[in-house]
Amino acid sequence: MRLLLFSDIHANLEAMEACLAAAPPYDLVVNLGDVVGYNASPNEVCERVRAMGGAVVRGNHDRACTGLTDLSEFNLVAAISSRWTQTTLASEHLDWLRNLPQGPMRVDELAGMEFVHGSPRDEDEYLLNASTAHANFRVPGHADVMMFGHTHLQGGFVYQEGRTHPLAPNYDSMEGAAEFTLTLMPGERYLINPGSVGQPRDGDWRAAFALYEKDGNAAARVTFYRVPYNVKQTQDRILAASLPERLALRLATGR
Ligand code: ZN
């Protein structure tokens, strides 16, 4: 089983296309939410995500632009982009976003795994540190391998012998494409974030995604990917749409 993991595409068409071009062959795709918001190609990205099939869990930006949550919890820039997204999206895409399932989501073909946007206990919680991840590992009833997004930080956490440690891929540079493979040890539990396709925040501007592989009795593996893309084109689209300049600038630094 080869599972492609996309998260936080945020209407960034150029980043998504670069990830699709770089993705290895896969059997199934799971999308961890925030298909739209921030960047300027929501219709094109919704079209491609829907054409890929697989499973999609809803993110806070997917909810907000469809009116399922009010914008009072968003900062000003996020709220402006959410309103713009709402008025720009075709109604069929808005309907599709509105009906995305809330996490935790399970997928028939993937026993023992769970998929969330924020955290297993709260779809809006940010898993930014080991203590928050630890509290989530301790919530009974959850899977041993859980995939999350929302923080836009590639990596995650491992729970071993009652303790939780952060995990992050280690890349030599921020130039060109790169990948980093992690072997999931039997008996340990994992929270894995494939990173953000369309608005990375770990200081690496390259688009991020991951592939989970499990063959027979062999240990499962997660390969993290980083892919350069045409940031200038994404920035031009943001500025042409009169979205806040900050949304264009941040893409260049991955912050
Ligand atoms: Zn997001």
Side-chain angles (χ1 to χ4, degrees), residues 5-16 19 29-42 44-46 48-49 55-66 68-86 88-89 93-94 96-98 100-105 115-120 122-129 132-133 146-156 191-210 224 226 229 231 234 238 243-244 246-251 253-255:
L5 290 159
F6 275 6
S7 190
D8 298 277
I9 301 171
H10 281 293
N12 186 333
L13 177 63
E14 293 75 22
M16 183 182 181
C19 290
V29 58
V30 172
N31 186 311
L32 302 170
D34 280 1
V35 176
V36 298
Y38 293 134
N39 300 304
S41 304
E44 296 86 342
V45 165
C46 281
R48 280 161 181 75
V49 168
V56 186
V57 66
R58 73 181 186 186
N60 52 318
H61 285 259
D62 305 321
R63 264 192 358 254
C65 76
T66 59
L68 282 174
T69 40
D70 78 89
L71 295 175
S72 58
E73 284 166 37
F74 271 23
N75 64 44
L76 182 63
V77 167
I80 290 169
S81 87
S82 191
R83 273 191 215 98
W84 180 88
T85 300
Q86 186 170 42
T88 303
L89 267 176
H93 294 319
L94 278 169
W96 173 74
L97 289 166
R98 194 177 291 116
L100 291 178
Q102 174 181 355
M105 177 177 77
F115 304 90
V116 303
H117 181 64
S119 81
D122 178 352
E123 64 178 325
D124 292 333
E125 182 176 41
Y126 288 92
L127 288 177
L128 286 166
N129 53 53
T132 314
M146 299 178 277
M147 305 296 187
F148 72 101
H150 198 36
T151 61
H152 301 204
L153 306 175
Q154 193 176 48
L191 276 159
I192 300 285
N193 188 333
S196 170
V197 171
Q199 195 197 72
R201 294 180 193 162
D202 42 17
D204 185 338
W205 66 278
R206 296 172 296 181
F209 69 96
F224 296 103
R226 297 308 279 245
Y229 71 97
V231 175
T234 309
I238 290 168
L243 283 161
R246 154 102 180 111
L247 292 173
L249 295 176
R250 69 185 301 171
L251 295 176
T253 55
R255 294 286 179 197

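Just follow the structure's listing: the first ligand is 1, and inside any ligand the first atom is 1.
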Engineer: Mind checking side-chain contact (heavy atoms from CB on, under 4.5 Å) for T69 and listing every partner two or more places apart, or none if nothing turns up?
Structural biologist: R63, A64
Engineer: Can you label the angle between the F209 ring and the F6 ring as parallel, tilted or perpendicular, going by 30° and 60°?
Structural biologist: perpendicular
Engineer: Measure up the Y38 and H152 rings against each other and bin them: parallel (under 30°), tilted (30 to 60°), perpendicular (over 60°).
Structural biologist: perpendicular
Engineer: My understanding is that only residues two or more places apart in sequence, or in another chain, count here; which of them pass side-chain contact (heavy atoms from CB on, under 4.5 Å) with A15?
Structural biologist: N12, V197, A207, Y229
Engineer: Tell me the side-chain hydrogen bond (donor to acceptor under 3.5 Å, both in side chains) pairs involving residues 74-84, sequence neighbours left out?
Structural biologist: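 Applying side-chain hydrogen bond (donor to acceptor under 3.5 Å, both in side chains) to every pair that reaches into residues 74-84, excluding sequence neighbours, yields nothing.
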Engineer: For the Zn ion (ligand 1), state how many protein N, O or S atoms fall inside a distance shorter than 2.8 Å.
Structural biologist: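 That number is 4, waters not included.
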Engineer: Does some side-chain heavy atom of R201 sit less than 4.5 Å from a side-chain heavy atom of T151?
Structural biologist: no
